[in-house]
Amino acid sequence: MKIKIMSKTHVKPTKPVLGKKQFLLTTFDLPYLAFYYNQKFLLYKFENLLDLEEPTFTNDVVEKLKDGLGLVLEDFYQLAGKLAKDDEGVFRVEYDADDTEINGVEFSVAHADEVTIDDLTAEDGTAMFKDLVPYNAILNLEGLSRPLLAVQVTKLKDGLAMGLAFNHAVLDGTATWHFMSSWAEICRGAQSISTQPFLDRAKARDTRVKLDLTAPKDPNATSNGDDAATPAAEPAKLVEKIFRFSDSAVHTIKSRANSVTPSDGSKPFSTFQSLTSHIWRHVTLARGLKPEEITVFTVFADCRRRVDPPMPEEYFGNLIQAIFTGTAAGLLAAHGPEFGASVIQKAVVAHDASAIDARNDEWEKSPKIFQFKDAGVNCVAVGSSPRFKVYEVDFGWGKPETVRSGSNNRFNGMMYLYQGKAGGISIDVEITLEASVMEKLEKSKEFLLSEELSNGNGNGNGFVV
């Protein structure tokens with residue numbers, strides 16, 4: 001795939017924010033310093049994009065995006081800043097319009113005139129579009145010397161690819177898509193954004209946590225999941241797949257999970273609990289675990305409404321916390337979908353304000369930077385959320401054709417949930433598994449809910465590949 005970088009610039013708030021702004025990273029932010037930048041990839045269809053002369057493309061598309069970015073950064077100025085730490089190892093995000101070391105958001109423009117949208121969506125893996133998304137294998141800790149947001153806009157033969165890399169120690173998925181929808185809103189002509197970000201991190205957790213961390217010399221050689229001091233064994237081959245569950249398929253899964261009335265009087269299972277239980281159970285079956293082996297389910301849950309007092313939805317930063325639960329593989333296999341859904345539901349309900357505070361207190365006494373292996377043994381882990389209106393991110397030329405996560409932060413059992421493009425309660429599931437396990441999963445008629453696989457639009461009764 002021929003890709004030519006045409007330019008690389010930096011974008012700052014159009015009107016400089018006066019004064020030096022500093023915000024300590026909280027206990028909700030700090031564990032993700034050793035994760036990689038959070039990558040997002042959006043594809044937009046332009047029927048006549050190739051016919052646009054270069055000055056027109058630059059003025060109508062690129063400059064429109066950059067102008068909108070400069071305006072929206074007036075509200076989201078933390079993204080134009082950098083990470084910093086004091087002599088005690090207390091990390092913060094800071095922005096100072098007069099600081100020459102703060103460059104703003106990195107903005108690259110590239111051309112791949114022979115590449116089509118179909119080329120980039122022909123396979124479920126991320127290898128095809130890896131060069132279209134910045135900051136592959138770059139740790140969030142490198143935000144000490146790199147921009148906190150990098151954008152690459154690539155002109156394709158029939159469309160536009162937008163690759164983004166957000167520093168995950170600075171913001172979570174809710175804040176990410178708030179920023180994206182606000183940027184798009186400005187580009188569509190709004191004079192101001194409809195919902196202002198809530199920037200005061202201290203309202204969520206006002207503590208000073210000291211960490212002894214330095215940026216790695218070679219971030220590309222650093223693994224989130226392995227002990228750098230111990231040579232890692234040859235890892236099993238991992239593959240990526242998108243399972244697109246149609247509206248009717250999700251309804252079927254939810255109906256089956258709720259077909260048995262709980263004896264303990266618990267509430268009906270939600271769409272999330274039903275679908276993730278379905279996936280957890282069938283991944284466990286495909287792994288061929290022994291009945292006594294433990295399998296862990298992990299979800300990075302939004303805590304904005306869980307903390308006391310609750311934080312607004314517009315809170316800018318990380319307000320997520322990992323919820324862990326688990327059971328024996330044999331129990332998942334022996335019971336219907338309601339068993340796994342009940343295990344998940346109990347863990348989610350139990351993670352209230354007191355549990356969140358207890359976890360934070362424990363972490364602050366003995367800070368531990370997350371690694372992939374901390375998700376748990378034989379795990380299925382969930383990130384992102386189908387609540388995010390990712391297909392509403394319209395910069396003025398229509399809704400995206402595809403929304404994906406990049407190659408960063410993927411490991412065995414990690415899955416990302418997205419709103420399905422088909423609408424309704426359809427959900428797209430990106431999951432990474434060992435190749436042999438994925439092969440079994442793809443052949444499971446019970447998992448797919450249908451014997452018929454097609455390349456349809458997700459409106460059928462079952463699953464669509």
Side-chain angles (χ1 to χ4, degrees), residues 1-11 35-46 49-50 52 54 57-58 61-62 65-66 69 103 105-140 142-143 145-168 176 180 183 216 218-224 235 237-242 383-384 390 393 395 397 400-411 414 416 418 428 430-432:
M1 188 162 55
K2 295 180 180 180
I3 302 173
K4 184 178 180 181
I5 301 295
M6 309 300 292
S7 65
K8 181 180 291 186
T9 57
H10 291 85
V11 178
F35 272 33
Y36 296 111
Y37 271 67
N38 188 19
Q39 297 174 312
K40 300 302 173 188
F41 181 68
L42 297 86
L43 283 174
Y44 292 89
K45 188 83 170 180
F46 281 80
L49 186 61
L50 190 61
L52 286 179
E54 179 51 36
F57 170 73
T58 299
V61 178
V62 174
L65 286 170
K66 291 173 71 173
L69 180 57
N103 293 319
V105 172
E106 183 179 296
F107 195 100
S108 302
V109 179
H111 284 193
D113 291 336
E114 298 177 6
V115 179
T116 67
I117 287 180
D118 287 344
D119 292 334
L120 297 174
T121 56
E123 300 176 6
D124 284 345
T126 57
M128 278 298 295
F129 59 80
K130 192 171 183 178
D131 291 337
L132 304 179
V133 185
Y135 287 14
N136 293 293
I138 299 299
L139 295 177
N140 295 311
E142 292 225 19
S145 58
R146 291 178 182 268
L148 302 179
L149 169 60
V151 180
Q152 180 177 321
V153 175
T154 304
K155 180 183 177 184
L156 308 174
K157 185 175 184 179
D158 59 349
L160 184 78
M162 179 181 286
L164 307 105
F166 294 85
N167 191 298
H168 206 336
T176 293
M180 290 295 292
W183 182 13
D218 182 6
N220 292 308
T222 302
S223 168
N224 284 63
K237 180 184 177 183
L238 298 180
V239 295
E240 303 153 359
K241 182 75 179 176
I242 306 173
S384 191
V390 299
V393 180
F395 290 93
W397 43 74
E401 293 288 312
T402 300
V403 179
R404 296 285 309 277
S405 294
S407 60
N408 285 352
N409 299 317
R410 292 180 181 269
F411 57 91
M414 185 67 207
Y416 295 95
Y418 283 102
D428 291 349
E430 292 184 4
I431 190 166
T432 302

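When each of L156, T121, D158 is checked for a side-chain contact (heavy atoms from CB on, under 4.5 Å) with T116, only D158 meets the rule.
For the pair K40 and Y418, the cation-pi criterion (under 6.0 Å, within 45° of the ring axis) is not fulfilled.
There is no side-chain donor-acceptor pair under 3.5 Å between S407 and Y36. Neither side chain, N409 nor Q39, offers a donor N or O lying under 3.5 Å from an acceptor on the other.
Within the 4.5 Å cutoff, side-chain heavy atoms of K130 are placed close to those of N136. Residues I3 and V115 form no side-chain contact, since every pair of their non-hydrogen atoms from C-beta on lies 4.5 Å or further apart. Taking 4.5 Å as the limit, every side-chain heavy atom of D124 sits out of range of all side-chain heavy atoms of E240. In this structure the side chain of T126 never reaches within 4.5 angstrom of the side chain of E430, judged on heavy atoms. Inter-residue side-chain proximity for K66 and T9 is flagged as met; some heavy-atom pair is nearer than 4.5 Å. Using a 4.5 Å cut-off on side-chain heavy atoms (C-beta onward), K155 and V62 make no contact.
Using modelled atom types, no side-chain atom of N167 and backbone atom of Y37 make a donor-acceptor pair closer than 3.5 Å. Side chain of N38 to main chain of H168: no donor-acceptor pair is present (N/O by atom type, distance under 3.5 Å, no hydrogens or angles).
In this structure, the separation between CZ on R146 and CD1 on I138 is 4.0 Å, given to the nearest 0.5 Å. Distance CD1/I242 to CD/E123: 11.0 Å, rounded to 0.5 Å. Expressed to the nearest 0.5 Å, how far OG1 of T154 lies from CZ of F41 amounts to 7.5 Å. Within the model, atoms NZ of K45 and CD of E401 stand 6.5 Å from one another, a figure rounded to the nearest 0.5 Å. A distance of 10.5 Å separates CG in L120 from CZ in R404, rounded to the nearest 0.5 Å. Put simply, CD1 on I117 and CZ on F129 are 13.0 Å apart, with the number rounded to the nearest 0.5 Å.
In terms of heavy-atom proximity, D119 sits nearest to E114 at OD2-O, 3.9 Å. Residues Q152 and D131 come closest through the heavy atom pair NE2-O, 3.2 Å. Contact detail for L43 and A161: the closest heavy-atom pair is CD2-CB, 3.7 Å. Heavy atoms only, all atoms of each residue included: P134 and A165 are closest at O-CB, 3.5 Å.
The side chain to side chain donor-acceptor pair (under 3.5 Å) test applied to E106 returns Y135, not counting sequence neighbours.
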Under the side chain to side chain contact (heavy atoms under 4.5 Å, CB included) criterion, do W397 and L160 qualify, and how do the steps go? CA-CA 10 Å; W397 43 74; L160 184 78; 3.8 Å; yes
Assess the residue pair L164 and L42 against the criterion (side chain to side chain contact (heavy atoms under 4.5 Å, CB included)); give the C-alpha distance rounded to whole Å, side-chain angles, the decisive distance to 0.1 Å, and a yes or no. CA-CA 9 Å; L164 307 105; L42 297 86; 3.6 Å; yes
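Ring pair W183/F107 is perpendicular by interplanar angle, where above 60° counts as perpendicular and below 30° as parallel.
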